[in-house]
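Comments concern the structure below.
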Amino acid sequence: MPPVVTIRSLKDHIGEEVAVQGWLYNKTEKGKLQFLQIRDGTGVCQCVVFKGNVTPDDFEIGQSLTQESSLMVAGIVRAEPRAPGVPGGFELDVRYIEAMGISDPYPISPKEHGVEFLMENRHLWIRSSRQWAALRVRAVIVRAIRDWLDSHGFVNIDTPIITPAAAEGTTTLFEIDYHGEPAYLAQTGQLYNEANIFAFGQVYCFGPTFRAEKSKTRRHLQEFWMVEPEVAFCTLEQLMEIEEHFVSYIVQRCLNDCGPELRVLERDLTHLQRVAPPFPRIHYDEAVAMINAAAARGDLVPGYDDPVPPIEWGGDFGSPHETYIAAQFDKPVFVHHYPTAIKAFYMEPEGDRPEVCRSVDLLAPEGYGEITGGSERMSDPGKLIAAIERHKLPIEPYEWYVDLRRYGSVVHSGFGLGVERTVAWVCGLDHVRETIAFPRMLNTMRP
RNA sequence: UCCUCGGUAGCUCAAUCGGCAGAGCAUCCGGCUGUUAACCGGAAUGUUGUUGGUUCGAGUCCAACCCGGGGAGCCA
């Protein structure tokens, strides 16, 4: 039997006899010809079975194969521009077929299906090429995140998932029973990250986070993955520089490593090719002015039929505002210096203008929303205690956090990047549920 | 929590004014050497989300509930 090779590497075996093992993705028969599209996890390859080239038994096996049956085929690799597949352009001239597991009738045909049906069959849907492509891009994004951080002096120190109290005290948490004591699934590792920088300088945590919000939109999951870098001796301005280099690297890495996947997804690459430092930076004041000018003109929110709603200075942006602002730029855009009153207690107020704080969100283009949120953290213990009290939070659980400012406080900053929103943006998907193998959504956790 | 749209064959959908439950695809059988969601011929396919109500008669109208899509708020 010739050596088993991956479909992705077929281009290196033209003219050679090789074997491919995988699953039957699609089949069309035309008398003495069978076109078997086989996927092996690395790609999809058309395998052509001509009656004259195989034994009668093998030809019959080919006829009996049902969609998703597992099999091995052997044959000669040939460059063929007509051949469909991923990457495509190569096909296998089959000489031998071995059926392994004949599949029962497969529920997901290569036709249209509704979201509800596909989500109920998520364990099978991930075999479909668009889902396969998105999840492979996700894997590359995760690798790019780690590679960039690891090679820029960041130490990966993961933070706990079980936490004793609300980290930010705002959003809804999943409560669990911790041996009789209430505990919560983490919605951020940030406070622990801040402890870790005093030991390691630059750190990141990377793991799942949990939000029990009753959110049912294309941008929300109950369980999502977030990478949170945190840096000692770092100002807001330096943080933005880190973010734009980091995000640009992730996008360029996908362009470089995921060509076939992005083609399956039919992604318009020109949007991604533009993503390079520097990103535009706009002050909250400026963003409010832009929104209100648009509202006064009656501009519509891009992609929706509704006009841009006006906003009062001091209010937080709603989704329509973010979508409008992001659409004014062809790269991700930083919006910085949000009002102190609407942001988390630990964000550093601006020195000569304490009503705004040294915070920054990064809005992705094309309506993908906020992909990072970060800030310079408050570094003075007295001011921090006052902020905790102003937010009506109990001081006792935060004593350790205040300690960080008592023992060698430094200016420091950090941000969190949502993996699923980043994947959705890079892939051009319209819903984050397709960016993770088994999404946990409001009222939906099966399979 | 609120707003909005939807639930009919395995899947995607249709069904006029309240009047016999219909297509395409998938499946099975037959045909074809270049198919790209192939095509051609044939076969089989139903608790119309649930419960109750109106009516001679309900997929269609009414009520409640269940499930799902999109959005708001909140957020990454």
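Keep in mind that the numbers below use all heavy atoms, side chains included, and drop hydrogens, waters and symmetry copies.
Relative orientation of the A:W148 and A:H152 rings is parallel, given thresholds of 30° and 60° on the angle between their planes. By the 30° and 60° cut-offs, the orientation of the rings of A:F334 relative to A:F279 is tilted.
Within a heavy-atom distance below 4.0 Å of RNA chain B, the residues of residues 428-442 of chain A found are A:H431, A:R433.
One C1' atom belongs to B:U47, the other to B:G7, and the distance between them is 15 Å to the nearest Å. Annotation: B:G18 and B:A58 have their P atoms spaced 14 Å apart (nearest Å). Using atom P as the reference point in both B:C66 and B:U27, the two lie 38 Å apart (nearest Å). When the P atom is compared between B:U60 and B:C75, the two are found 43 Å apart, to the nearest whole Å. Across B:G49 and B:C40, the matching C1' atoms stand 38 Å from one another, rounded to whole Å. Nucleotides B:C13 and B:U55 place their C1' atoms 29 Å apart, quoted to the nearest Å. As rounded to the nearest Å, B:C20 and B:G57 have C1' atoms that lie 12 Å from one another. The gap from the P atom of B:G70 to that of B:G31 amounts to 46 Å, rounded to the nearest Å.
Among the heavy atoms of the strands lying under 4.0 Å from A:P84 is at least one base atom, whether or not backbone atoms are also near. Residue contacts for A:R130: at a heavy-atom cut-off of 4.0 Å it reaches no nucleic acid atom on any strand shown. Within 4.0 Å (heavy atoms only), A:G318 reaches sugar-phosphate atoms of the nucleic acid but no base atom. Here A:Q67 lies out of heavy-atom contact (under 4.0 Å) with every strand. Within 4.0 Å (heavy atoms only), A:L417 reaches no atom of the nucleic acid at all. Within 4.0 Å (heavy atoms only), A:T422 reaches no atom of the nucleic acid at all. If you check every strand for non-hydrogen atoms under 4.0 Å, A:K216 touches a base.
Protein atom CG of A:L124 is 17 Å distant from nucleotide atom P of B:G10, rounded to whole Å. As rounded to whole Å, 13 Å separates atom P of B:C74 from atom CG of A:D361. Spacing between atom NE2 of A:H113 and atom C1' of B:A26 amounts to 8 Å, rounded to whole angstrom units. B:A76 atom C1' lies 12 Å from atom CD of A:E243, rounded to whole Å. B:A76 atom C1' lies 12 Å from atom CZ of A:F415, rounded to whole Å.
Residue A:S319 has a polar side-chain atom (N or O) positioned under 4.0 Å from OP1 or OP2 of B:G73.
For A:L221, the listed nucleotide lying nearest its side chain is B:A76; candidates were B:A76, B:G34, B:U12. Listed candidates were B:G68, B:C75, B:U35. Nearest to the side chain of A:Q46 is B:U35. The A:E29 side chain lies nearest to B:C32 when the options are B:C32, B:C74, B:A76.
Across all strands shown, B:A64 forms a Watson-Crick or G-U wobble pair with B:U50, both key distances being under 3.5 Å.
In this structure, A:F224 packs face-to-face on the six-membered ring of B:A76, meeting both the 5.5 Å centre cutoff and the 30° plane limit.
Side-chain rings of A:F210 and A:Y184 stay apart, their centers remaining 6.0 Å or farther from each other. A distance below 6.0 Å separates the ring centres of A:Y338 and A:F317.
For B:C28, the base adopts the anti conformation, since its glycosidic angle falls more than 90 degrees from zero.
With 3.5 Å as the limit, one finds no donor-acceptor pair spanning the side chains of A:T55 and A:D57.
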